[in-house]
Enquirer: 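Mind looking over this structure? Questions follow.
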Amino acid sequence: DFLQLFFQNFFDDLYHVIGTQTKIFEQINRRARVTKAIVHANFGYGNRILSDCLAYGITKTADNAVLLGRYNTAGFLGRLLQKFRIDRLDRMDIDYLRINSFCRQSLASVATVLLNVNAAVYGDAAVAAMSVVGRIFMFVFSFMLGFGQGFQPVAGYNFGAKRYDRVRGATYFTMLVGTVLMSVLAAAGFLAAPGALALFRRDDAEVIAIGALALRAQCVVLPLFGVSTVTNMLLQVTGQSGQATFLSLCRQGIFFVPFILLLPQLIGLLGVQLAQPAADLCTFAVTLPFLLSFLRRLKLWEQAERAVAEK
């Protein structure tokens, strides 16, 4: 997956920049469907897990080989790598960003495992309900992520240009709009929680009951993401990678892991339902000092730039 994303995103963008259009990725998608059909035909549909895994592995291997050969035409890739240079400071910045993403994704996997293990104690209905709630939450949260990703280049470019007033203005605006947006979606989700669960498991009243409570608890803290998400993105694009990494570890690691391990022992199934909202609330409380500290420093930097300009 990593290799294919690397080749697809980097080289496809590069070829578009230099004016070369290619339909290679459409061909790869068609080849993937054909390969999957062939594997299913040979291994049968009885063992779908085995045939899906084999089809996935064969397709990815073939795709990476085709991409590497396609973009290494006439030694293009070799010449590109020979001219590629990166200094130590740039490499450190890249490593910080990679560590942030690696830690966040790793802890997300650990959090999912712990959530499922603790929910399984209370039966399949609890596991299904928490899984559905997670998918609904990610769908709603994607609105905030998309809005925040539009904020990042604005904050990053203006911070680099030392237009700190614009960074502050963009931060306030994004937080305000994000909080209002999340509040509206949270209110809608709170009221429509049983109906939202019924879309996935209409005939299972137990799943709906467990999931509705968990979803409503998540909706209570959802407006806080307008601040916590933007703060994390702000710190990341302005070079505060250590702080951004710490905050990214809070939601599904530093706070969630203790809550998901302790709360079910104390209050049973309710602990499984409240573990993530409790972690989100604690993450918001920890985020505020980082945000206020950065805004104070931003104001000092702005005053220093203004003083230099007046001289």
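Computed from a prediction, not measured in an experiment: that's the story for all the values here. Heavy atoms only: backbone and side chains are in, while hydrogens, waters and symmetry mates are out.
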Enquirer: Can you tell if the side chain of Asn232 reaches within under 4.5 Å of the side chain of Gln236, non-hydrogen atoms only?
Expert: yes

Enquirer: How close do Leu191 and Arg216 get, counting heavy atoms only, and between which atoms?
Expert: O-NH2, 4.1 Å

Enquirer: NZ/Lys299 to CG/Leu295 distance, rounded to the nearest 0.5 angstrom?
Expert: 10.5 Å

Enquirer: Out of the candidates Phe137, Phe143, Phe284, only one should pair with Phe225 under the ring-ring contact (aromatic ring centres under 6.0 Å, His included) rule; please name it.
Expert: Phe137

Enquirer: Does CZ in Arg297 sit with more than 12 non-hydrogen atoms of other residues, nucleotides or ligands closer than 6.0 Å?
Expert: yes

Enquirer: Do Phe256 and Arg251 have side-chain heavy atoms sitting under 4.5 Å apart?
Expert: no

Enquirer: Say whether Leu199 and Leu215 are linked into one hydrophobic cluster, either directly or through other cluster members, by side-chain heavy-atom distances under 4.5 angstrom.
Expert: yes

Enquirer: Does Val286 reach the side chain of Phe246, with side-chain heavy atoms less than 4.5 Å apart?
Expert: yes

Enquirer: I'd like to check Leu197 versus Ile136 (side-chain heavy atoms, cut-off strictly below 4.5 Å). Are they in contact?
Expert: yes

Enquirer: Report yes if the side chains of Val132 and Arg135 come closer than 4.5 Å at any heavy-atom pair, otherwise no.
Expert: no

Enquirer: With a cut-off of 6.0 Å (strictly less than), are more than 12 heavy atoms of other residues, nucleotides or ligands near CG of Asp124?
Expert: no

Enquirer: Please examine the side chains of Phe141 and Thr229, heavy atoms only from C-beta on, and report whether any two atoms are closer than 4.5 Å.
Expert: yes

Enquirer: Could you state the interatomic distance from CG (Leu222) to OG (Ser183), rounded to the nearest 0.5 Å?
Expert: 8.0 Å

Enquirer: Side chain to side chain contact (heavy atoms under 4.5 Å, CB included) with Val110: which of Leu114, Val113, Thr112?
Expert: Leu114

Enquirer: Tell me the closest heavy-atom pair linking Ile260 and Ala275, and the distance in Å.
Expert: CD1-CB, 3.8 Å

Enquirer: Should Met175 and Val237 be counted in the same cluster of Ile, Leu, Val, Met, Phe, Trp and Tyr side chains packed under 4.5 Å apart?
Expert: no

Enquirer: If every non-hydrogen atom of Val140 is compared with every non-hydrogen atom of Met182, which pair is closest and at what distance?
Expert: O-CE, 3.8 Å

Enquirer: With a 4.5 Å heavy-atom cut-off, do Leu145 and Met233 have their side chains touching?
Expert: yes

Enquirer: Side chain of Glu305, backbone of Arg163: donor and acceptor closer than 3.5 Å?
Expert: no

Enquirer: Show your reasoning for whether side chain to side chain contact (heavy atoms under 4.5 Å, CB included) applies to Leu270 and Gln273.
Expert: CA-CA 5 Å; Leu270 183 61; Gln273 296 167 305; 3.7 Å; yes

Enquirer: Enter the distance from Leu263:CG to Leu269:CG here, rounded to the nearest 0.5 Å.
Expert: 12.0 Å

Enquirer: Quick one: does Asp204's side chain get under 4.5 Å of Ile208's, heavy atoms only?
Expert: no

Enquirer: Quick one: does any side-chain atom of Ser131 pair with a main-chain N or O of Ala128 as donor and acceptor, under 3.5 Å?
Expert: no

Enquirer: Classify the ring geometry of Phe159 against Trp301: parallel below 30°, tilted from 30° to 60°, perpendicular beyond 60°.
Expert: perpendicular

Enquirer: Under 4.5 Å between side-chain heavy atoms, counting indirect links through other Ile/Leu/Val/Met/Phe/Trp/Tyr residues: same cluster for Phe173 and Val167 or not?
Expert: yes

Enquirer: Could you grab the distance from atom CG of Leu107 to atom CD1 of Ile254, nearest 0.5 Å is fine?
Expert: 8.0 Å

Enquirer: If you measure from CG on Leu234 to OG1 on Thr238, what distance do you get to the nearest 0.5 Å?
Expert: 5.0 Å

Enquirer: With side chain to side chain contact (heavy atoms under 4.5 Å, CB included) as the criterion, how do Thr171 and Phe294 come out once you've worked through the C-alpha distance, each side chain's angles and the decisive distance to 0.1 Å?
Expert: CA-CA 11 Å; Thr171 301; Phe294 180 80; 5.9 Å; no

Enquirer: Quick one: closest heavy-atom pair of Cys219 and Gly189, and the distance?
Expert: SG-C, 3.7 Å

Enquirer: Please find the pair of heavy atoms, one from Pro277 and one from Gln218, that lie closest to each other, and give the distance.
Expert: CG-N, 3.8 Å

Enquirer: Go through the steps to decide whether Leu235 and Thr231 satisfy the test side chain to side chain contact (heavy atoms under 4.5 Å, CB included), and finish with yes or no.
Expert: CA-CA 6 Å; Leu235 294 175; Thr231 300; 4.1 Å; yes

Enquirer: Hey, what do you get for OG1 (Thr283) to CD (Gln276), rounding to the nearest 0.5 Å?
Expert: 8.0 Å

Enquirer: Determine, using the 4.5 Å side-chain heavy-atom cutoff (strictly less than), whether Tyr122 and Leu266 are members of one ILVMFWY cluster.
Expert: no

Enquirer: Do side-chain atoms of Ser293 reach the backbone of Phe290 as a donor and acceptor pair under 3.5 angstrom?
Expert: no

Enquirer: Flag yes if Leu274 and Val272 sit in one hydrophobic cluster, no otherwise; membership is Ile, Leu, Val, Met, Phe, Trp, Tyr, and two members link when side-chain heavy atoms are under 4.5 Å apart.
Expert: no

Enquirer: What are the two closest heavy atoms between Met130 and Leu115, and how far apart are they?
Expert: CE-CD1, 4.1 Å

